[in-house]
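A quick write-up on the structure given underneath.
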Number of protein chains: 2
Amino acid sequence: MIKLDGKKMRKPNMREAILAAAEELFSTNGFNAVSVRDIAQAAGANPGSVTYHFKTKDGLLLEIYQRHCVPMNLRRSELLEAAKRVRDLKDRLEAIVRAYVLPAFSSGSDLAGGGARFTRLRAIMSAEGNDVTRRIIAQTFDDTSHAFIDAIHESLPHVPRTEIVWRSHFLLGALYYTLVTPERVSRLSRGEADGADAGEAIEQLVQSTVASLQAPPLERPAPARRRSAAGAPANAGPA
Amino acid sequence: MIKLDGKKMRKPNMREAILAAAEELFSTNGFNAVSVRDIAQAAGANPGSVTYHFKTKDGLLLEIYQRHCVPMNLRRSELLEAAKRVRDLKDRLEAIVRAYVLPAFSSGSDLAGGGARFTRLRAIMSAEGNDVTRRIIAQTFDDTSHAFIDAIHESLPHVPRTEIVWRSHFLLGALYYTLVTPERVSRLSRGEADGADAGEAIEQLVQSTVASLQAPPLERPAPARRRSAAGAPANAGPA
DNA sequence: GTTTGATTTGTACATATGTACAAATATAAT
DNA sequence: ATTATATTTGTACATATGTACAAATCAAAC
C-alpha cells in the first residue's frame, strides 16, 4: 500500500515538500523547463524519491492539479451561490464576477482555495500547448465556467449567451496574464500601479469586466433572417 | 560574410524554411518543448544547418523576433496615426483599440504585419517565464504600448492613466489567451461561436475593451477628497 | 529485539539534447 | 576548369533528462 491516509503517515513531509517545490517551480518556469532533479533539489529530496511518490513527472503534475481543483471549485461555487442571492441586479453581476476572480488570487498561503500560484500554473499550462494538459484543464473547469456564464446570463438576459462567453473568456485571459506578468503593469504605469497587488488587480479586473459585460451586444453576426427568432435554435434558453 | 543580401543569395530557401518551421513549432508548443532536431526535420534540413545559420537555438528565436517586430510595430503606428485623426471622440477610441488589435491577428500568410502566429509566440514566451525573453518583449513593445496608452488617454482625459494601463493590459491578456486557446470559446459557447474566427474575435475584443475603457474609474485608490464629482460620466454609453 | 513495510538513497541506463566540426557538396567568379 | 566561398551533410561529444532498481535506512508492530 502506497497510501495510508487519514490515520498515520510516517513522514508526510517529503512528499509534501516535493509537491510544494514542484508547484512553485512549474508555476514559475513552466513544465518543460523544470527537471525532476530541479524539483528534488528544491525540495531537499533525492530524485528517486520523486519517482517513488509520483511514478512519473506527469503524475506529479496531475497530483498538483487534483489537490487544488476541488477546493478551488468549491470555493467558487460557494461564492457564486452567495452572489446569486444578491437582490440588486447590478450589484449581483458585480458579485458574480468577483466570485469568479477572487479564488484565483486568494493567496491561500498553504493549501485550499486555489490561489495565485495555482492559477499561474494553469496559465502557463494553457499557453505551453500540450493537448493533454489542456484537456485536463477543460474537464476540470468547464463545469464551473458554465455555471458562471449561466449566472451572468441571468443577470443580463438581453445579452446573448455567446457574447457572454466571449467576454468571460477575455476575463480569464486578462486574469492569467496579470498573474504571469504583473511587472508589466508596474512598468507601463511608470510605477503608479503595482501589478503584483492582488487587491488592486482584482478590483480592476472586476470593474473592467462588469463594464464590458454590460456593453451592448454586437448586432452584426447573425444572418438575421426575419427578426432573428430562428437565428440560433439553441440559444442556451435564457432560463 | 554570412549574409550577402539584396542582390544574390544562392538559396534563400533553407534558411527561410528553418525560420518558418521554427516559428510554427515554437508558437504551437513553446520554446522548451521544441528541439533543434524537431525544427530541422520540419524544415527538411539537417540539424547542423540550424547551427550554421543561427549559431544557437536562442539565436534562432531572436531572429524570428527581429524579423516580425519592426513590420508589426510599423503597421500599428500607421493604424494608430490614422485612428488619431478620427474626429468623433467615441469613434476615435474604437479606432485606436482596433489599431492595436488588428495587427496582432492579421494572418499575413507570408511575412510582414505581425500575424496570429507571431502573437501566439509572444503569448507563449510571456507565459513560459524565461526572464531574458520577457525583457526582449518589453524592450520591443513597450514604446508602442505607451503610444497607444497615451492616445487612449487623450480620448478619455477623465480616466486616470493608471486605469488605462490596467485595462489595456487586460486587453493584451485577452488577446493572447484567445489566440492560444480559441477552442475554449467554441466549447463554452456550445458551438455557437468560433474562437478561431479572427474577424469575430477582433470585433468582440474591440467592443469589449472600448466598453471597459469607458467605464468610470475606481474611486477607491485616491484619498477621494470631496464628492468625487466625476462619479460616472461615461458608463459605456448604450448606443 | 526482531520483524515488517514504507521510505530514502545512490546509482545506473537509455535516450534526447544543444552544439561543434570536418568532410562533402554546391554555386558563383575568374 | 579552377578557385574561392557558401552551404549542407554526417557524425560526434558532452551533458541533461526521465525513470528504474537494489541497497540502505527508518518507524512502528510484535
Side-chain angles (χ1 to χ4, degrees), chain A residues 1-23 25-26 28-65 124-125 128-130 132-133, chain B residues 1-23 25-26 28-65 124-125 128-130 132-133:
Chain A
M1 302 136 205
I2 289 181
K3 275 186 185 174
L4 49 149
D5 54 357
K7 280 293 179 194
K8 296 175 184 176
M9 316 174 130
R10 227 111 51 75
K11 283 187 174 177
N13 308 327
M14 209 66 259
R15 187 187 156 90
E16 213 62 21
I18 293 172
L19 276 171
E23 199 178 309
L25 286 174
F26 285 157
T28 308
N29 307 100
F31 183 71
N32 295 313
V34 176
S35 75
V36 173
R37 284 167 179 80
D38 293 336
I39 297 167
Q41 181 161 29
N46 190 288
S49 220
V50 177
T51 308
Y52 171 70
H53 283 291
F54 307 98
K55 202 61 187 171
T56 69
K57 196 184 170 192
D58 299 279
L60 174 53
L61 178 65
L62 192 67
E63 182 92 11
I64 293 175
Y65 261 89
I124 294 195
M125 300 312 307
E128 250 190 346
N130 196 328
V132 182
T133 317
Chain B
M1 302 132 207
I2 289 183
K3 274 187 185 176
L4 47 149
D5 55 356
K7 279 292 179 195
K8 297 172 181 176
M9 315 175 132
R10 231 110 50 77
K11 283 185 173 177
N13 309 327
M14 209 66 258
R15 188 187 154 90
E16 212 62 19
I18 293 173
L19 276 170
E23 198 179 310
L25 287 173
F26 285 158
T28 307
N29 307 101
F31 184 71
N32 295 313
V34 176
S35 76
V36 173
R37 282 165 180 82
D38 292 337
I39 297 168
Q41 181 162 29
N46 190 290
S49 222
V50 177
T51 308
Y52 171 70
H53 284 291
F54 308 98
K55 201 63 188 169
T56 69
K57 197 185 170 191
D58 300 278
L60 175 53
L61 178 66
L62 193 67
E63 182 92 12
I64 293 175
Y65 261 89
I124 293 195
M125 301 311 307
E128 251 189 346
N130 195 329
V132 182
T133 315

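Every chain is numbered from 1 and lettered A, B, ... according to where its sequence line falls, protein lines coming before strand lines. Remember, it's a predicted structure, so these values are computed and weren't measured experimentally.
For D:dA20, the OP1/OP2 oxygens have no side-chain nitrogen or oxygen of A:Thr51 closer than 4.0 Å. Contact annotation: B:Tyr52 side-chain N/O to D:dT7 OP1/OP2 distance is under 4.0 Å. Residue B:His53 places none of its side-chain N or O atoms closer than 4.0 Å to OP1 or OP2 of D:dA6.
If you measure from atom CD1 of A:Ile18 to atom P of D:dG18, you get 14 Å, rounded to the nearest angstrom. Distance, B:Lys55 NZ to D:dA6 P: 15 Å, rounded to whole Å. Rounding to whole angstrom units, CG of residue B:Asn13 and P of C:dT27 are separated by 10 Å. D:dA24 atom P lies 15 Å from atom CG of A:Asn46, rounded to whole Å. With rounding to whole Å, B:Leu25 atom CG is found 12 Å from C:dG18 atom P. We find that NZ of B:Lys57 is positioned 15 Å from P of D:dA16, with the value rounded to whole Å. Here C:dG18 presents its C1' atom at 17 Å from CD of B:Gln41, a figure rounded to the nearest Å. Remark: P of D:dT17 and CG of A:Leu60 are 15 Å apart, rounded to the nearest angstrom.
Taking the ring axis of A:Phe31 as reference, the NZ or CZ atom of A:Lys57 stays within 45° of it and closer than 6.0 Å to the ring centre.
The nearest heavy atom of DNA chain D to A:Ser49 and to B:Ser49 marks one nucleotide each, and the one closer to the 5' end goes with B:Ser49. Residue-to-nucleotide proximity on DNA chain D shows that, of A:Gly48 and A:Ala33, the 5′-proximal contact is made by A:Ala33.
Here A:Thr56 pairs with nothing under the side chain to side chain donor-acceptor pair (under 3.5 Å) rule; sequence neighbours left out. Take A:Ser49 and apply the side chain to side chain donor-acceptor pair (under 3.5 Å) test, not counting sequence neighbours, and it matches no residue.
Of the candidate nucleotides D:dT8, C:dT19, D:dT19, D:dT8 has the atom nearest to the side chain of B:Met14.
Counting all heavy atoms, side chain and backbone alike, B:Arg37 lies closest to B:Pro47 at CG-CG, 4.2 Å.
Within 4.0 Å of A:Ser35, counting heavy atoms only, lie sugar-phosphate atoms of the nucleic acid but no base atom.
With respect to A:Glu63 and A:Arg15, a salt bridge is recorded, a charged nitrogen being found less than 4.0 Å from a carboxylate O.
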